[in-house]
Amino acid sequence: QVHVAESGGGLVQAGGSLRLSCAASGGSFNTYSMGWFRQATGKGREFVAAFSSSGGGIYYADSVKGRFTISRDNAKNTVYLQMNSLKPEDTAVYYCAARRWVLTATPVSSDFHSWGQGTQVTVSS
């Protein structure tokens, strides 16, 4: 059993940057694949980025490639999402998620078993 908790959301102007953090506890972090999803008002939860445990890959949604970077620090049991060149359409609640197995393809939300509470990111014009 692993628990995750997001932090770092806030209000930023278009073109600005934010870095989200997701701290994990209750398991062997290095064995978990980690992902970021987001949900905007009136829309479903959509994939943003994922970083597999060893043996898997790193994946990004087309909408964030070149702007967002996912990274992980296994020593700190933490995964990060660096968001640059933010756009108003990035406004959403961002969720961190954990999976007990490797990722070998772009994931969907049902691939993950543990979810954080979400952190709000708002990008203004």
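One N or O on the side chain of S114 and one on the backbone of V2 form a donor-acceptor pair closer than 3.5 Å. A side-chain donor-acceptor contact under 3.5 Å links E6 to the backbone of C96. Looking only at distances, a side-chain donor or acceptor of T91 sits under 3.5 Å from a matching main-chain atom of V123. Judged by distance alone, with hydrogens and angles left aside, the side-chain atoms of S33 form a donor-acceptor pair with the main-chain N or O of S53 at under 3.5 Å. In this structure a side-chain-to-backbone donor-acceptor pair under 3.5 Å is present from R72 to F29. Put simply, the side chain of Q117 never gets that close to the backbone of A5: no donor and acceptor are under 3.5 Å apart.
At a threshold of 4.5 Å between side-chain heavy atoms, the hydrophobic network of Ile, Leu, Val, Met, Phe, Trp and Tyr places F51 and V102 in two separate groups. Note: the hydrophobic cluster containing F37 also contains V93 (ILVMFWY, side chain heavy atoms under 4.5 Å, direct or indirect links). Cluster membership check: V121 shares its hydrophobic cluster with V64, using side-chain heavy-atom separations under 4.5 Å among Ile, Leu, Val, Met, Phe, Trp and Tyr.
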Using distance only, find each side-chain donor-acceptor pair of residues 9-28 under 3.5 Å and give its atom names and separation, not counting sequence neighbours.
from	atom 1	to	atom 2	distance (Å)
S17	OG	N84	OD1	2.9

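Residue pairs satisfying the ring pair (Phe, Tyr, Trp, His ring centres under 6.0 Å) criterion with at least one member in residues 54-97, sequence neighbours excluded, are absent. Sorted by first and then second residue, the side-chain hydrogen bond (donor to acceptor under 3.5 Å, both in side chains) pairs involving residues 100-113 (not counting sequence neighbours) are Y32-R100. Listed by first then second residue, pairs satisfying salt bridge (charged side-chain N to carboxylate O under 4.0 Å, His left out) with a partner in residues 40-59 read R38-E46, not counting sequence neighbours.
Looking only at side-chain heavy atoms (C-beta outward), M83 and D90 stay at 4.5 Å or farther from each other.
Under the rule for a side chain to side chain donor-acceptor pair (under 3.5 Å), K76 has no partner lying at least two apart in sequence or in another chain. By the salt bridge (Lys or Arg N to Asp or Glu O under 4.0 Å) test, K87 is found to be paired with no residue, residues two or more places apart in sequence or in another chain being considered.
When all heavy atoms of R67 and L86 are compared, the pair lying nearest together is NH1-CA, 3.9 Å. Minimum interatomic distance between V4 and A98 (heavy atoms only, all atoms of both residues): CG1-CB, 4.1 Å.
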